[in-house]
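Written out below as structure tokens is the structure these notes cover.
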Amino acid sequence: MASSRRQYPFHLIEPKWQQIWDIQQTFRAFNPGEQIPPDHPFAQRHKLTGKPAATQLPPKFYILDMFPYPSGAGLHVGHPEGYTATDILARYKRALGFNVLHPMGWDAFGLPAEQYAVKTGQHPRQTTEQNIATFKRQIQSLGFSYDWSRELATTDPDYFKWTQWIFLKLYNSWFNPETNKAEPIETLKCPAELESQSVGRASSRADSGGGSSAASPHQNLKSARRGFVDSRRLAYVSEQPVWWCEQLGTVLANEEVVDGKSEVGGFPVERRPMRQWMLRITAYAEKLLADLDTIDWSESLKEMQRNWIGRSEGAEVDFQLLLASGGRFQPGGPDYERIRVFTTRPDTLFGATYMVLAPEHKLVDYITPLKQRKAVEDYKAFAASKSDLERTELAKEKTGVFTGACAINPVNGEKIPIWIADYVLASYGTGAIMAVPAHDTRDFEFATKFNLPIVQVVEPPDPKTDWRGFVDDGTSVNSTGPEISITGLPTAEAKKKITAWLESKGLGKKTVNYKLRDWLFSRQRYWGEPFPIVWKKGPDGQSYHEALPESALPVLPPELTDYKPTATGEPPLARARDWVNLPDGSARETNTMPQWAGSCWYYLRYLDAKNSNAFVSKEAEAYWMGAISPQSTGRSPQSDSGLKTQDSGLKSTTPGVDLYVGGTEHAVLHLLYARFWHKVLYDLGYVSTPEPFFKLVNQGMVLGEDNQKMSKSRGNVIPVDVPVQEVGTDALRLFEMFMGPLEMVKPWSTKGVEGVYRFLGRVWRLFVDEKSETEFEQAETTAKNAQERKELLKLIRMDSVVKDVAATPAQLKTLHACIKKVTEDLDGLRFNTAISAMMVFVNDAITWETKPVSVLREFLILLAPFAPHLAEELWSKIASAFSLQPSALAYAPWPRFDPALLVESEMEIPVQVNGKLRDVIKVPANADNAALEAAAKASEKVQPFIAGKTIRKIIVVPKKLVNLIVS
RNA sequence: GCGCGCGUGGCGGAAUGGCAGACGCGCCAGACUUAGGAUCUGGUCCCGAAAGGGUUGGAGGUUCAAGUCCUCUCGCGCGCACCA
């Protein structure tokens, strides 16, 4: 390949235009109120001068890539797929007249840089900066139209200052169930017994951290108050079992643990009780679920989030305890007289023949009589010894033991045994279930194994179905007790009736349960955002936390020489004694935030990346996130052409990010966390939309040429630099899109890249004079340096068959068919078929003896989003060859197709007999149904199939098809 | 096990219920060439000399007409997975 002749001098063209775009700041996106240089192509296109207000700017289009973690390995050809798609869209929307925001940045905190630091002692910041430089060089070599003036890195103190600021907002807020939103902590009312006039208002300034708290006669009351408030913050401290990963030396969130292993590295994790920072994402479970219906995401992605949130409706039911003698009676309130269960099938209550507690359930010891104590203790130890992985792997075989205690089924007064088994999870529902073996698969298996009674209470709709293990809806049977009967009712009604009865008796209530747990937000790492929190000791000896004031931000991490994690789980930051211990005796929080923190809000920082007074200005947020509707702007894109818009892509401003493209791996991590933060910021009035990402598309993975996922170990990784060197970035970009639909998984193909490279060569030869190109090539061999070589591009002349003449109707038809297809396909993100439409155009145009320059120019505008460097070069060559005013192709108005030009004088109509194709006839374009019918019958090829037969029916699809039904 | 998605030439993939296989790769033949791994032209689903027949994982169905809609079935991919 390297030895073959270059299709066109992309090696000079591509750097040339990247440099021009950079010098002219072509892709700078302008904020409301920002000074726009009058000679900037955006200003010229939209006739803007000075500092336009939001209402004077054209409608915005915010098109976002998931920013990358800059790893040391650099980019392979799979990385630019999404970036190419968004760049094509960004350029297309710019041509349509939108004010396009298309930024790029770095999700730069992360474990690899820290692990490298542990190994080599090189500061993670240095590693990170090197990696960013590599990524940036590679991404820039691909010619994306990012506004680099908005570049950000989550590791930059000017950035994470605001990450910490948002944490303070979470810390200083609570979720008010009455208003159903987050509110400043000041609005939280303490219960009357905690209210005290002397301390009542004093601590209501929540960010008054740093102030000393002298001992007071009300100190007990004060710490009780503090406990109450602290337990309701959206960011709170909790001691609870968390996932600890020994190898990584840190705790992990539920979302970061996959199949009992760490998502990063695949190391084993174990449950350990630790004191950690948590974020109260569960308060938003319902909103996170419900608002999925308001956004344009793929169904599969929404489904993943729904599954993760895991909403289920049901009832909590209390079962009265019947203690056998020998139970460890303790003084206790009503909690010790009943066991509360959660069930989604209260209608099967009559079939509950036993109960099961999780081995960790707090009542287990209490209810277990002496003679069962040994067996129960043994089982608890057995269950605790199993890792989570083993627990799932051994899922087939049910285990458990009888506690010796029993309870009363509230609907029929029957005495049922209480077991413990590890198929009941302590962390879900109430950690206890009523077992209905007849109508629950797991209970059925368990009851079968341990010979527990199985009682039918639901009749399947189809009497042939076995009721044993029947878990779907049916009709209640055997469900009549002394006070309540639901026999004969369909499942839905039975649920309602029995739940109402339970509620009226105070035995239970309707409940909604979620699988979603609060977000474990602290990590025992160095390379992350420190918490803006200090710890103090009260006069009562209790330690408590306080927020630092905003003026203390950013809180920078200390310098360390040893980044190693500690075995105890104490964070590495604790080694920096001078940093930790403050003069007033308080101590800094030494945990850091997880990597996800920075990516929770970066899309907001892009809007106003340099703002040092706020995380984003109100004006910028309102403009880019869509609070200003296009109606109020009184402008529409392409208003300069005065034509009505033709397609949906020109429609109104959408709320939030208009298009977000990234991999599916963030389905329940980044995308859930970012939505959560955004909703908190929305509730607190800092952003104007309830959802951050209006439309989201997952690009499919690019596999290696061998159809395997690209990986170092397989040796099938193709770095982006390889095709960029050999065929140029325009060809790479084109092939990234030509492989197949964006969302689909597809294999890389070196041969395929050559195919689109040849296409670009054909485009080139459509325009240029071959002889002059040969001259250029000869001159190039003697050129001394890159600058000289670049100058030589001038030697290449336009082909003399490109003329300033009127296009023929056939040529216009070819052009407008291409405009139509490319426009429609871009609106539908069908890049692959858009490219094939351009290939069709070129295959035709290359045969024209005379090539009207007007047609070729419009084609270049279509090509520009896909192959911008080549298109710009040819565009400028045309301008100089035909003495046109030089103009920036990036802002040239998108051509619109004229349907009138697509009308044919004749049309080809397939003729079927009994649904089988027999002929394709040519008829005048204006032929009506009768004419079609007549022409079809007259067809010579059709004759033999209808001769001597009766025509029973004739189907004519106007301008489409004729079908003759004969017999 | 449950949920979602997908099965079309040698390959990647096109087809508002209306001519299956656009476009590209590969392959075959030819042209130009000292040469071709450059370029250009033509061909390329299967059976058949042709007429014609068959063909979108498989089996049914709806329809004048099905790759497309419905039912069942097989295969692949992704997600969740003892969530009561």
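Just so we're on the same page: letters track the sequence lines, and every chain starts at 1. Bear in mind the structure is a predicted one, so any value in this text is a computation, not a measurement. Worth knowing before you read on, the calculation uses all heavy atoms, side chains too, and leaves out hydrogens, waters and symmetry mates.
Checked for salt-bridge contact, A:Arg468 and A:Asp466 meet the test: a charged N lies under 4.0 Å from a carboxylate O.
A:Lys398 places no side-chain N or O within donor-acceptor distance of the main-chain N or O of A:Lys449, the cut-off being under 3.5 Å. Not one N or O on the side chain of A:Tyr379 forms a donor-acceptor pair closer than 3.5 Å with the backbone of A:Pro359. Between the side chain of A:Tyr354 and the main chain of A:Asp443, a donor-acceptor pair closer than 3.5 Å is present.
One can place CD1 of A:Ile420 at 16 Å from C1' of B:rC82, the figure rounded to the nearest angstrom. For A:Lys302 and B:rG5, the NZ to P distance is 13 Å, given to the nearest whole Å. One interatomic measurement links the two molecules: CG of A:Asp440 to C1' of B:rC82, which rounds to 9 Å at whole-angstrom precision. What separates CZ of A:Phe738 from C1' of B:rC23 is a distance of 5 Å, to the nearest Å. When the C1' atom of B:rA22 is taken as reference, atom CG of A:Asp844 falls 15 Å away, rounded to whole Å. Between the CG atom of A:Leu703 and the P atom of B:rC11 there is a distance of 16 Å, given to the nearest Å.
Under 4.0 angstrom from either OP1 or OP2 of B:rG54 there lies at least one side-chain N or O belonging to A:Lys916. A close approach under 4.0 Å does not occur between any side-chain nitrogen or oxygen of A:Arg918 and OP1 or OP2 of B:rA65. Listed pair A:Arg830 / B:rA14 fails the phosphate criterion, with no side-chain N or O lying under 4.0 Å from OP1 or OP2. The phosphate of B:rG12 (OP1 or OP2) has no side-chain N or O of A:Lys746 nearer than 4.0 angstrom. Residue A:Lys953 has a polar side-chain atom (N or O) positioned under 4.0 Å from OP1 or OP2 of B:rC64. For B:rC4, the OP1/OP2 oxygens have no side-chain nitrogen or oxygen of A:Arg306 closer than 4.0 Å. A close approach under 4.0 Å does not occur between any side-chain nitrogen or oxygen of A:Thr664 and OP1 or OP2 of B:rG79. Residue A:Gln305 places none of its side-chain N or O atoms closer than 4.0 Å to OP1 or OP2 of B:rG79. Within the structure, every side-chain polar atom (N or O) of A:Asn843 is placed at least 4.0 Å from both OP1 and OP2 of B:rA22.
Residue-level contact check: A:Arg762 touches the backbone only, with heavy atoms under 4.0 Å from sugar-phosphate atoms and none from bases. Across all strands shown, A:Gln7 has heavy atoms under 4.0 Å from sugar-phosphate atoms exclusively, and none from any base. When heavy atoms are screened at a 4.0 angstrom cut-off, A:Pro741 is found touching the sugar-phosphate backbone but no base atom. A:Asn832 comes within 4.0 angstrom of the backbone, heavy atoms only, and of no base. In this structure, A:Val840 reaches the sugar-phosphate backbone alone: every heavy-atom distance under 4.0 Å involves primed, P, OP1 or OP2 atoms, never a base.
In this entry B:rA31 has B:rU39 as its Watson-Crick or G-U wobble partner, both defining distances falling under 3.5 Å. Within the shown strands, B:rG79 is the pairing partner of B:rC2 under the Watson-Crick or G-U definition, both distances less than 3.5 Å. The base-pairing partner of B:rC45, taking Watson-Crick or G-U wobble contacts with both distances under 3.5 Å, is B:rG54.
Taking every heavy atom of both residues into account, A:Arg517 and A:Ser427 meet most closely at NH1-O, 2.7 Å. Taking both residues in full, the closest heavy atoms of A:Ile718 and A:Met710 are given as N-SD, 3.8 Å, listed atom of the first, atom of the second, then distance.
Between A:Asn707 and A:Ser427, the residue anchored closer to the 5' end of RNA chain B is A:Asn707, taking for each the nucleotide with the nearest heavy atom.
With both ends at atom C1', the span from B:rG26 to B:rG37 equals 14 Å, rounded to whole Å. As rounded to the nearest Å, B:rA20 and B:rA65 have P atoms that lie 15 Å from one another. Annotation: B:rG79 and B:rU8 have their C1' atoms spaced 26 Å apart (nearest Å). Between B:rG7 and B:rC70, the distance separating the two P atoms is 14 Å to the nearest Å. Annotation: B:rU39 and B:rC32 have their C1' atoms spaced 8 Å apart (nearest Å). With both ends at atom C1', the span from B:rG5 to B:rG18 equals 27 Å, rounded to whole Å. The C1' atoms of B:rU16 and B:rG67 are separated by 15 Å, rounded to the nearest whole Å. With both ends at atom P, the span from B:rC69 to B:rC78 equals 24 Å, rounded to whole Å.
Taking the six-membered ring where tryptophan is involved, the planes of A:Tyr8 and A:Tyr757 are tilted, since the angle between them lies from 30° to 60°.
Remark: the A:Asn963 side chain and the B:rC64 base include a donor-acceptor N/O pair separated by less than 3.5 Å. Under 3.5 Å, the side chain of A:Lys398 and the base of B:rC82 form at least one donor-acceptor pair of N or O atoms.
In summary, the side chains of A:Asp347 and A:Ser476 do not present any donor paired with an acceptor at a separation below 3.5 Å, with no hydrogens or angles considered.
Comparing B:rG26, B:rA84, B:rA22 against the side chain of A:Lys751 picks out B:rG26 as the nearest.
In B:rG58 the base sits anti relative to the sugar, since the glycosidic angle is further than 90° from 0.
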